[in-house]
> 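Handing you this structure, nothing more for now.
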Amino acid sequence: VRRDLVEAAKRGDHDAFRVLATGAGDRLYAVARLILRSTDLAEDAVQEALVRAWQKLPSLRDPDKFDAWLYRLVVNACNEQGRQLRRRSNQVRSIPLNVAIADETKSVADREQLERGFSRLKPEQRAVVVLHFYSGFSAAEIAGILGIPQGTARSRLHYATEAMRAALEADARRPAVAQNGAA
Amino acid sequence: MSEIEQTISSWLEAEAPQQLPDRVLEATFERTGRSRQQGGWRAVLGRMRVSSFLPALASAAVVVVVAALGVSLVVNSGIGRRPSPSPQGSPTPLPPSTVVGAWLSTSDEDGGTQRTTLEASAQGTISMVETDTIASVCGGTPSTMTATGSIDRNRLIFPTPTYTCDDGREPRLTNGDPTPMNVSLRNLTYVFDSASDTLYIGENVWYREGATPPSPRPSSPAGFMWPEATLDEARQAQAQADGADPAFAWQVDPRYADYEGWDQVVEAGGPEIGERFVREELGWDSFLFAPFLGADDFWSGGGPSAGHTQLGYLRCAPGETNALYPEPGVPDQLEGADRCAPSLDELRYEAVSIDLAQPVRQDATGIWIVSRWALTTPFAQADPHDAVAMAEAHLREFLEARLHGEGAEGYVSAFTPDGTRDVPLLYAATSGSRYERYEIQRVAGPRWPEADMDYVVRLFADGGATVVEQPIRTNGRQFLHDVADTTENGQPVPLSYSFLEGRVSLTAPSTWRPSVVSRRMALARGADGVQIIWLLEDPLPAGEGCAADAAPRDADALARAIASDPDLVTTTPLTVTIAGLPAVTMDVIGTNPAASICDDYEATFVLLTSELTPLPIEPGSRVRLFLFDVPEGSPFGMFAVAFSAPDSLFESVLDDAAPIIESLQLHDP
């Protein structure tokens, strides 16, 4: 039935597209929100990605790749949102975090460290991190989604993970240094 | 997973929002509802023709057999007669001795070994045994395919191959398609390429056992750039381009850096840098930009990854025209296809894929370079003569079965509102009259490259007084019909639409299209969906503002709540009988000047479902409500049917909607 919906949407059936987009909206939004760290930008990115999906659906050759293609569109839209923001303010890394979701497993300090480490990642690294650690795609699948070589996907994932590890470790050391300095 | 990986994963999981706000989707659909589908190469090829057909081929013929054999094959999955010889082909078939022997596949992607043995008989037929050590359709166990066929020009055609799993299980297509394997494999056709002494089916190649396997296709080395070879050169070129040096300024094109501009580039025949690369670096004198080959989508990832990927080009045989598609200016066909003969043989083109990137600056002023190229699997155009022969044989069988009253299922995939593939009026007209004769008319095509065609089939009943007409799009292998296009004596035919998990159905002409949002279902008609029949399960009155009020006791109570809503202007509720069921009906004829406008919808709510999906009334429109108390023992509670339309149209279109509402049926699934 899902393949039928994609094929129908490709033929211009807007209702079929509505069903597909409604089904995909939440997970695309999650990815966009995690990459962009902003609710407003993420909503815009999802909307842009879905509008583009509708307009470009006839050029999607394989209906089975619809989901992967949507991810690609939303990651592209996230980058476009990031670019526009950089052009406007040159402060993409200081987008306010307006998350109100409590995480029982992590302390506030841990979350802040993770947030800080993540915010230092380049946009393309963020996308790979979210697609891998949140959406559960392998590096090979991410390469297919983003249209990049597998090696590039792996290296981005590796460097992004290491960068976050370094950020956590650096932040973890900071209080101790301050304490020593004060002593 | 390491500790840091677990930490990142848990953190992202906790941070992820749960739900996209409805208003985002509504705003999205408001935009998509107004915008036409487009696309660079699609615009070139025409509206809704090759563009929408290619994927159907991929989904059916190709994927079916990919699943079956573990390789990428294109087969004639249609049920029909063996294709008749092409008048363009060589009149002399290959001697069978040319192809006898053992052949090995180069690309069995599941890791098995696929070996094909061909033997010739004294009668001139060819027998084939193909074994696969790992067959995905057999759960990874070995399989054997046997067939007897014949040679037509340079093609080996096997009408009815038999595919079996060696352990006795039934082979099943891995994509979930229930089509029996042996049906999918009908008219399996291998093409012999004498130049390379290989057999091929689409993208898959077999070479002779004992011979050297075909070498990998050339591609660019890591770090490749063109026309500059290094990043330093690229920086210098950027500086020269910034200074408007014409030797480098051509590498800058602001259209490449955004979606809309790129569409223009594609529609104009492709990017200049791609054309220069193919001509100057690959040395192709004649070629065709084929955007449908790749999966290009502008990638704005930032840094060196920003750019375009997988742009496809086909090489044309120099100085030749396309003998199989000689006609210029065919509507909905890629411009120039008639002038581009395949470079490898009668059917196949050499193909290259290239990526473009901006190595220095990723904006409208940055220079573009080719960052990767690779020769890809040769692209095969379909033989239009084969396609016509197969299509018409298949359609004849389909229509004969319809006349006989059985066995016509599965011949044509129909796009239906409920996702089934059933062709309407398969064996009889709406009156129940059986068909007496049929006609087949090809109205367009074959079009390059897949030989897709538009047919119209007509079935006659009642001595010719009743004519059912159904357009069918096909390339000889895949057959598609949109049920909305079925007509009887020129009128759309009524179809049954099922809602709420089959508990409610309506019968409406096929020009009405279904929509499903949460527990609010709708049939819509009109270019902008302006005439809508809604079904709402467990309706709640709209309370203050945009919230829902408490559930009413019955339909009367709901009607009173709506009539007393200060936002709405209504008529007096009346008791009526609809589809044999008692109902309360009333019109919402407008809204009061100070009515609540709900931000997300920019409309006032009449009702909401129990999941808070609203029935809105927009300015200038009117809604007729039918509120039902369902009979005792019904599987669900109260429900509402509503018809909404612009005020100016309301009375005139109500006559169309009334019989649909009257067709309401409740089912106990």
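Excluded from the calculations below are hydrogen atoms, water molecules and symmetry mates; all remaining heavy atoms, backbone and side chain alike, are included. So you know, we letter chains A, B, ... as the sequences are listed, proteins then strands, and number each from 1.
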> Can you say whether A/Val129 sits under 4.5 Å from chain B via the side chain, the backbone, both, or neither, judging by heavy atoms?
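The answer is both parts of A/Val129.
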> Who passes side-chain contact (heavy atoms from CB on, under 4.5 Å) against B/Ala508, sequence neighbours left out?
B/Tyr497, B/Trp512, B/Leu523, B/Ile660
> Are any non-hydrogen side-chain atoms of B/Pro17 and A/Tyr29 less than 4.5 angstrom apart?
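Yes. Closest side-chain heavy atoms under 4.5 Å.
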> How would you list, by chain and number, every residue that makes a side-chain contact (heavy atoms from CB on, under 4.5 Å) with A/Ala140, sequence neighbours excluded?
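Testing A/Ala140 for side-chain contact (heavy atoms from CB on, under 4.5 Å), a comparison that skips the adjacent residues, returns A/Ser138, A/Gln150.
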> Apply the test side-chain contact (heavy atoms from CB on, under 4.5 Å) to residues A/Thr161 and B/Ile4: give CA-CA distance (whole Å), side-chain angles for both, the deciding distance (0.1 Å), then the verdict.
CA-CA 8 Å; A/Thr161 308; B/Ile4 181 67; 4.0 Å; yes
> If you count heavy-atom pairs under 4.5 Å with chain B, which of A/Gly25, A/Ala32, A/Gly136 comes out on top?
A/Gly25
> Rounded to the nearest 0.5 Å, what separates atom CD in B/Glu5 from atom CZ in A/Arg165?
8.0 Å
> For A/Phe17 and B/Thr32, what are the C-alpha separation, side-chain angles and deciding distance, and is it a side-chain contact (heavy atoms from CB on, under 4.5 Å)?
CA-CA 9 Å; A/Phe17 176 75; B/Thr32 53; 4.0 Å; yes
> Hey, does the side chain of A/Asp26 reach the backbone of B/Leu20 with a donor-acceptor pair shorter than 3.5 angstrom?
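Present.
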> For atom CZ of B/Phe224, decide whether the heavy atoms of other residues, nucleotides or ligands shown that lie under 6.0 angstrom number more than 12.
yes
> So which heavy atom on B/Leu25 is nearest to which on A/Leu50, and how close?
CD2-CD1, 3.9 Å
> Strictly below 4.0 Å, N to O, side chains only: are A/Arg33 and B/Glu15 in salt-bridge contact?
no
> Mind listing the closest non-hydrogen atom pair of A/Phe133 and B/Ile8 along with its distance?
CD1-CG2, 3.7 Å
> Nearest 0.5 Å, please: how far is CD in B/Gln19 from CZ in A/Arg27?
14.0 Å
> Which residue out of A/Leu34, A/Val130, A/Val46 racks up the most heavy-atom pairs below 4.5 Å with chain B?
A/Leu34
> Would you please indicate if the ring centroids of B/Phe29 and A/Trp54 are separated by under 6.0 Å?
no
